[in-house]
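Just so you know, ligand 1 is whichever comes first in the structure, and atom 1 is the first atom listed for that ligand. Basis for what follows: all heavy atoms, side chains included, without hydrogens, waters or symmetry-related copies.
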Amino acid sequence: MLTAISRYGARVLPITEELVAGCKARGEFIQGPQIAEFEAAFAARHGLAPAHAIAAAYGRIAFYYMLKALDLPAGSEIIFPSLTFWVVPELARVAGLTVVFADVDPKTFNMDPDSVERLITPQTRVIVPTHLYGLPCDMDRLLAIAGRHNLTVIEDCAHALGATYKGKPVGTFGTGALFSFQTLKPLNCYGGGLALVADPVIAANVRRQVEALPWPSEKRVTDRLLMGRLQRIFMKPWVFSISLFPVLWVSALIDANPDVFFWEKIRSLQPLPEQYTERFPNVQAVIGLEALKHLDEWTSRAQANAAHVNQTLAGIPGIQLPLAPADRTHVYYQYCVIGPEGPKRDELVVRCVRRGIDIETLHVDVPPDMELFGTVTAEADGARRAAQAMQIPVHSGLRRDQIDRVARVVRSVLEDA
Ligand SMILES: *Cc1c(COP(=O)(O)O)cnc(C)c1O
């Protein structure tokens with residue numbers, strides 16, 4: 001039988017169950033000293049003192065508290081890329097800001113500085129460079145624009161922990177940055193996020209807001225860990241082949257979107273869902289502390305897998321491989337190629353899926369095209385083109401023989417296109 005390779009690859013510590021049991025035994029499942037240790041380790045990795053890292057229930061809510069701490073006048077505008085995860089701009093709206101979307105460069109999938117500059121008005125206060133799929137944005141240009149117009153920069157690093165721009169880690173360029181610790185993100189704590197805030201006054205404000213929140217219940221955290229464990233089991237190649245893969249296979253044929261099983265329902269986030277406004281529990285910090293020790297090794301493996309796919313796919317006419325400019329490192333949270341668009345692209349995806357390689361098409365969203373956002377000021381042509389990418393699995397969990405199979409199948413499908 002065909003063993004299918006999943007698009008998803010959670011980074012899992014073999015000792016997860018022991019870490020959880022240890023927390024329970026010490027009575028430190030929800031509250032405990034490792035939250036501060038984790039924050040300190042995360043800050044230190046970025047050359048900052050412990051007070052600058054504040055762990056929260058989600059990356060998105062860490063972002064929301066940073067916006068609240070900025071205390072901007074009503075009607076302030078905030079510029080996002082038009083290719084991003086919809087919850088981030090939605091939370092800016094909940095924080096009372098007007099969202100504007102700048103185009104992305106389909107070569108890098110990142111915010112186009114020229115588009116940002118065109119959309120600046122006297123009300124613009126914040127820009128959110130989002131290091132999409134693990135490649136840092138053109139920070140020199142974005143920081144120069146922010147400097148000229150006196151804008152606050154908040155980096156969305158949800159995909160890019162470990163990536164650097166001119167040797168400096170992402171998350172250290174602006175006033176603040178958000179990171180995500182969801183199951184599939186670079187550092188998996190089965191949920192959670194963090195605000196990394198350079199400005200000490202803003203950092204203290206974010207910490208005050210977060211520390212005023214209630215702790216989650218034991219049940220909530222236990223359920224979250226169980227969900228993580230189930231996702232993990234489902235992503236093992238052999239289980240994936242006999243369970244979820246047929247769902248993806250069938251839906252690839254009938255054009256349904258099975259990701260509804262994984263992603264949250266698109267809806268207004270006003271009022272904030274209850275699980276957003278709780279604290280980050282100690283057990284997840286314990287997992288994060290241990291995972292941080294493995295991060296660089298995981299990153300290197302994803303990079304080596306991406307390099308192998310780059311090599312195998314080189315030279316196919318009409319196919320754009322992911323760009324990694326020499327002044328930055330790409331951590332390949334996603335590996336995207338752009339080739340044929342529309343139904344032709346979908347047909348290629350189906351062919352890969354039938355041969356056991358699970359290809360994702362759009363991992364994030366084009367918010368200006370979503371009903372939720374109504375009519376917004378936006379430039380999005382590049383984002384729409386970037387949304388035609390095929391996302392090839394290169395995650396750190398794929399062994400050499402597996403990545404080789406991925407690369408060869410994709411090559412033969414693209415060559416026949
Ligand atoms: C996952 C993600 C986030 C937010 O992370 P959460 O921890 O789920 O809130 C933010 N931005 C992007 C681009 C993401 O993919």
Q. Is the ring centre of Tyr64 less than 6.0 Å from the ring centre of Tyr58?
A. no
Q | Close-contact set for ligand 1 against Lys185 heavy atoms, below 4.0 Å | A | 1 (C), 2 (C), 3 (C), 5 (O), 14 (C), 15 (O)
(Q) Quick check on contacts: which atoms of ligand 1 are under 4.0 angstrom from a heavy atom of Arg60? (A) 6 (P), 8 (O), 9 (O)
Q | side-chain contact (heavy atoms from CB on, under 4.5 Å), paired with Val20, selected from Val283, Ile15, Val286 | A | Val283
Q.
Using a 3.5 Å cut-off on N or O atoms only, is Gln182 in polar contact with ligand 1?
A. yes
**Q.** Contacting atoms of ligand 1, where contact means under 4.0 angstrom from a heavy atom of Gly192
**A.** 7 (O)
Q. What protein heavy atom sits nearest atom 15 (O) of ligand 1, and how far away is it?
A. His159 NE2, 2.7 Å
Q) What protein heavy atom sits nearest atom 11 (N) of ligand 1, and how far away is it? A) Asp156 OD2, 2.6 Å
Q. Looking at ligand 1, does any of its N/O atoms fall within less than 3.5 Å of an N/O of Thr130?
A. no
Q.
What protein heavy atom lies closest to atom 3 (C) of ligand 1? Include the residue and the distance to one decimal.
A. Ala158 CB, 3.5 Å
Q: Examine the side chains of His308 and Arg400 and answer whether a donor and an acceptor come within less than 3.5 Å of each other.
A: yes
Q | Geometric class of the His46/Phe179 ring pair [parallel <30°, tilted 30-60°, perpendicular >60°] | A | tilted
Q. Ring centroid separation for Phe181 and Phe38, is it under 6.0 angstrom?
A. yes
Q: Validate the cation-pi geometry between Lys168 and Phe173: distance from NZ or CZ to the six-membered ring centre under 6.0 Å, angle to the ring axis within 45°.
A: yes
Q.
Counting only nitrogen or oxygen atoms and a 3.5 angstrom limit, does Ile61 reach ligand 1?
A. no
